[in-house]
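What you are looking at is a predicted structure, and each value in this text was computed from that prediction instead of being measured.
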Amino acid sequence: MRLDKYLKVSRIIKRRTIANEACDAGKVCVNGKVARASYDVKVGDVINITFGENEKSYRVLAVSEHALKEDAAKMYEQL
């Protein structure tokens with residue numbers, strides 16, 4: 001699954017366009033490398049997102065095309 005779509009489906013970022021813009025701006029890293037929106041997310045990847053001075057890290061636990069609100073939080077764990 002594409003990185004921008006994963007960020008939206010897992011509800012880490014609310015809109016896919018915002019996720020896409022964050023990737024284009026170099027604010028999203030996967031496994032320590034700046035990632036493009038088209039990066040193919042796999043289970044076990046570590047995603048780092050920088051929002052201003054805040055940096056958050058997430059480990060991918062599951063990849064699913066669709067997720068209910070209750071299930072979205074089970075797709076990742078915050079580090």
Side-chain donor-acceptor pairs under 3.5 Å in residues 40-52, sequence neighbours left out?
{"from": "Asp40", "atom 1": "OD1", "to": "Met1", "atom 2": "N", "distance (Å)": "2.8"}
{"from": "Lys42", "atom 1": "NZ", "to": "Tyr39", "atom 2": "OH", "distance (Å)": "3.3"}
{"from": "Lys42", "atom 1": "NZ", "to": "Asp40", "atom 2": "O", "distance (Å)": "3.1"}
{"from": "Asp45", "atom 1": "OD1", "to": "Asn31", "atom 2": "ND2", "distance (Å)": "3.1"}
{"from": "Asp45", "atom 1": "OD2", "to": "Tyr39", "atom 2": "OH", "distance (Å)": "3.2"}
{"from": "Asp45", "atom 1": "OD2", "to": "Lys42", "atom 2": "N", "distance (Å)": "2.9"}
{"from": "Asn48", "atom 1": "OD1", "to": "Ser57", "atom 2": "OG", "distance (Å)": "2.6"}

Taking distance alone, no hydrogens or angles, what donor-acceptor pairs closer than 3.5 Å link side-chain atoms of residues 59-79 to residues at least two apart or in another chain?
{"from": "Arg59", "atom 1": "NH1", "to": "Glu77", "atom 2": "OE2", "distance (Å)": "3.0"}
{"from": "Ser64", "atom 1": "OG", "to": "His66", "atom 2": "O", "distance (Å)": "2.7"}
{"from": "Glu65", "atom 1": "OE1", "to": "Lys5", "atom 2": "NZ", "distance (Å)": "2.8"}

**Request:** State whether the number of non-hydrogen atoms from other residues, nucleotides or ligands found under 6.0 Å of Arg36 atom CZ is greater than 12.
**Result:** no

Cut-off 3.5 Å, no hydrogens considered: what does the side-chain donor-acceptor table look like for residues 16-29, sequence neighbours left out?
{"from": "Arg16", "atom 1": "NE", "to": "Asp4", "atom 2": "OD2", "distance (Å)": "3.3"}
{"from": "Asn20", "atom 1": "ND2", "to": "Asp4", "atom 2": "OD2", "distance (Å)": "3.4"}

